[in-house]
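Step one of this worksheet: look at the structure below.
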Amino acid sequence: MKYNFSAIESKWQKKWEDAKVFEAKDDFTMPKFYGLIEFPYPSGAGMHVGHIKAYSGLEVISRKRRMEGYNVLFPIGFDAFGLPTENYAIKTGLHPRIVTNKNIEKFTSQLKRVGFSFDWTRTIDTTDENYYKWTQWIFLKMFENGLAFRDTALVNYCPTCKVVLSNEDSQGGRCDICKSEIIQKSKDVWYLRITKYADKLLEGLKEVDYLPNIKMQQINWIGKSTGAFVNFRLKGIDEQLRIYTTRPDTLFGVTFMVMAPEHPVLEKYKDRITNFADVENYKEECAKKTEFERTQLVKEKTGVKIEGITAVNPITEKEIPIYISDYVMMGYGTGAIMAVPAHDERDYEFAKKFGIDIVEVIKGGDISVAAYTESGEMVNSGFLNGLTDKKTSIEKMISYLEEKGIGEAGVQYKMKEWAFNRQRYWGEPIPIVHCPKCGMVPVPYSELPLRLPDVENFQPGEGGESPLAKIDSFVNCKCPKCNGDAKRETDTMPQWAGSSWYFLRYIDPRNDKEFASAEKLKYWMPVDWYNGGMEHVTRHMIYSRFWYKFLYDLGLVPTSEPYAKRTAQGLILGPDGDKMSKSKGNVVDPNDTVDKYGADVLRVYILFMGDYASAAPWSENSVKGCKRFLERVADLPSIVKGRGITEGMESHFHKTIKKVTTDIEELKFNTAIAQLMTLINKIEEKNSITKDELEIYLKLLSPFAPHLCEEIWEGLGHSDMLAVSSWPSYDEAKTVDSTVEIAVQVNGKVRGTVSLAKNADKDTAFEAIKSDAKIIPFINGKTVVKEIYVPGKIINIVVK
RNA sequence: GCGGGUGUGGCGAAAUUGGCAGACGCGCCAGACUUAGGAUCUGGUGUCCCCGACAUGAAGGUUCGAGUCCUUUCACCCGCACCA
């Protein structure tokens, strides 16, 4: 039967809100559950079904937790600073504040229509000055502790967006926002010293429950490697060329060195370099290449030999040449390497091209053909000769280097410092004043928030200058220290700043004395379960873990890790199987489905369409299937007869309670819903259901289709809401039928089935099948070699 | 190149972890009710040479028994990528 979903849905959305059933209580005696979803960026395009899927998982879990008696915090907010809004503002002339408010309004109404059980009283907006006051506050704490600093360095720069980007925002050599190729540019920028926390970020992964691939991606991103630093003397100059290597054991095989073209030693000794013009040329060629071109593995090695300077292998005392090549990066290690052509493919390729000696120090390969990178016996290596264990050789060499003072053990990380400023308007102003006398001076805490000035021209400057730099009233100020004339920092924080601590603000969103009270933090933290997209694993998650660990070290938060558990949902693809995108025109708007079929149908479909963690294409026909299912549920009240649990239905109900209960915890929503469909098929076959049975059924379905379930629940005479009723429990013993139908195999092939008591013994079982007409022809006249009986599962007779 | 993952009907997918492969849903076929059906209901639906045999990317192996374990191999997806 069709039901009036739009009336039912708006009725219950209002009732829930009026009764405040989804508001988290600050009752610290209750068991708590903090479920977190990634708050959306309120873009002009509105929400798409992917947002709905991302929130539906923890929505179901949160609704279940409330019914299980937990005090649930399931909040929502808006991560509203960012470039798309600013670009839209530039295009239309509307202020980003107005655009943001409009978009937030749109997102809010869309989210409310779906009936999510968010606590709307705790909503936050990162662009609200009462919020970004605390973002600035945490930044100042970092500045005070030496974690925020300025430095001139080669940075990733997007020529289209006209901003400096962090490493994380330019993965694959492309701008994360506009996808254009980024270039390297020398610039004075703000950094957050995230590498100081690299080890803690790595270690912390051991104590949290993240999906394995999430942990793996973070480990990979941090990229810790252990090895040694070694100092090579330059011949005839009082200068050491420092390198990093993971293979100090191969030091006897070093026949040349390579530096990055940007290495500062070149500039320092340019008078000694007789071919400095060639060096300059090569350097220029490299600068022209994009990061992407430069990191292409396939291309041939290039480089220039430095004439006039040579190095000395500190262990063989042999003079060795130095080259520059772009296969050595300034940004990793020390920007210079020792080359062991016999045992490194890149060095081998380079040595072959430039005709450099190749000295074998590990036996096992044929170095006339290729580099040998496996392990083996050490040769031509002095005191290491004869050793076969790589680890021992490395340890021995390191202690030798340390003893002689020519090197020491060391670690390197792939992760770089976090470039933390953007030359844009729509972000948190960095609360720092540049004073000609005092240097960089923090804005006093009492003056926070440092507000964004209200302006009409947001156009970024051509030289990569922030729009704020053009506003004299903002720029010119007094130094908080000496009260002399000074200038404000005009760059703003990157998009990721506000989201690095938002989960803490939800706990105490209106506090104007601190970012959140210690007492409340102690109760609510850590986040019990965080769900979001894989695309945030190496950015937002690492950033926010870093901020949290910093606050932990200051004693401001109660736990060392912010998120106890992290899962990720899969994408919803367009009906054509491609990733949804505006340009392909295959984006599905959740509003259309809500209008046509209702929010409950949308929710059930999104969770039924497949494995929650995998990508699956949208199918309108399958949406209709879910609609039919809910219409059949709407019909159940018409066949209600009697009370209690019907004789033959008991195990079906207990099985269903068990499956739905455990499947939800494992994010297996598709099979939980399938089980509820199976059960309704059985109910319809019988054409009757008792009131108690229906109540159980509604409770189990309610996290998925809450509006319809509440409506039926109310119709059964309940004055309390289903949302705050209790989750049904099951009896394990009753989930199994007393008699089971098990398969009978002969030589492993199924020949029939037999009904047996679930714990019938072997003799009873074989007695039962001997008379079975289907089985007899397969065993008659043959010798029984073996009889296998697994109670409740299978009988197998092996005959010859 | 390194790391991770996935391959099961026409489609989305299940499979108690070694025990009746294809639950549940879509689609499709037939029928019913209808002036009508892209509504609803009922039945059917892996393939084939249909009493039987064959089927979980391919090829071997272990086992009474394999989608599941082992070996080899192919294809696709994701992440990182000249990381020293």
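Each chain gets a letter, A, B and so on, in the order its sequence line appears, and its residues count up from 1.
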According to the Watson-Crick and G-U wobble definitions, with both distances under 3.5 Å, which nucleotide is paired to [N]?
N: B:U62; result: none
N: B:U8; result: none
N: B:G1; result: B:C80
N: B:U45; result: B:G27
N: B:U17; result: none
N: B:U40; result: B:A32

- Item | Within 6.0 angstrom of A:Lys584 NZ, more than 12 heavy atoms from elsewhere | yes
- Query: So does A:Lys749 have more than 12 non-hydrogen atoms from other groups sitting under 6.0 Å from NZ?
  - Reply: no
- Note on the structure: Judged by nearest nucleotide, the residue sitting upstream toward the 5' end of RNA chain B, A:Gly792 or A:Asp347, is A:Gly792
- Item | Electrostatic pair A:Glu732:A:Lys655 at N-O distance under 4.0 angstrom |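 Answer for the salt bridge query: no.
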- Query: Is A:Glu631 paired with A:Lys2 through a side-chain N to carboxylate O contact shorter than 4.0 Å?
  - Reply: no
- Item | Close approaches to RNA chain B from residues 604-612 of chain A, in residue order (heavy atom, under 4.0 Å) | A:Phe608, A:Met609, A:Asp611
Give [X] one of three labels, base, sugar-phosphate or nothing, depending on what nucleic acid heavy atoms sit under 4.0 Å from its own.
X: A:Gly223; value: nothing
X: A:Val750; value: sugar-phosphate
X: A:Glu741; value: base
X: A:Gln745; value: base

Interatomic distance, [X] [atom1] vs [N] [atom2] [rounded to whole Å]:
X: A:Lys624; N: B:G12; atom1: NZ; atom2: P; answer: 19 Å
X: A:Tyr244; N: B:C83; atom1: OH; atom2: P; answer: 13 Å
X: A:Asn621; N: B:C24; atom1: CG; atom2: P; answer: 19 Å

- Quick one: is B:G25 close enough that its OP1 or OP2 comes under 4.0 Å of any side-chain N or O from A:Asn681? yes
- Query: Hey, which of A:Ile673, A:Leu676, A:Thr671 is the one that makes side chain to side chain contact (heavy atoms under 4.5 Å, CB included) with A:Val660?
  - Reply: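 Per the side chain to side chain contact (heavy atoms under 4.5 Å, CB included) rule, the option paired with A:Val660 is A:Leu676, out of A:Ile673, A:Leu676, A:Thr671.
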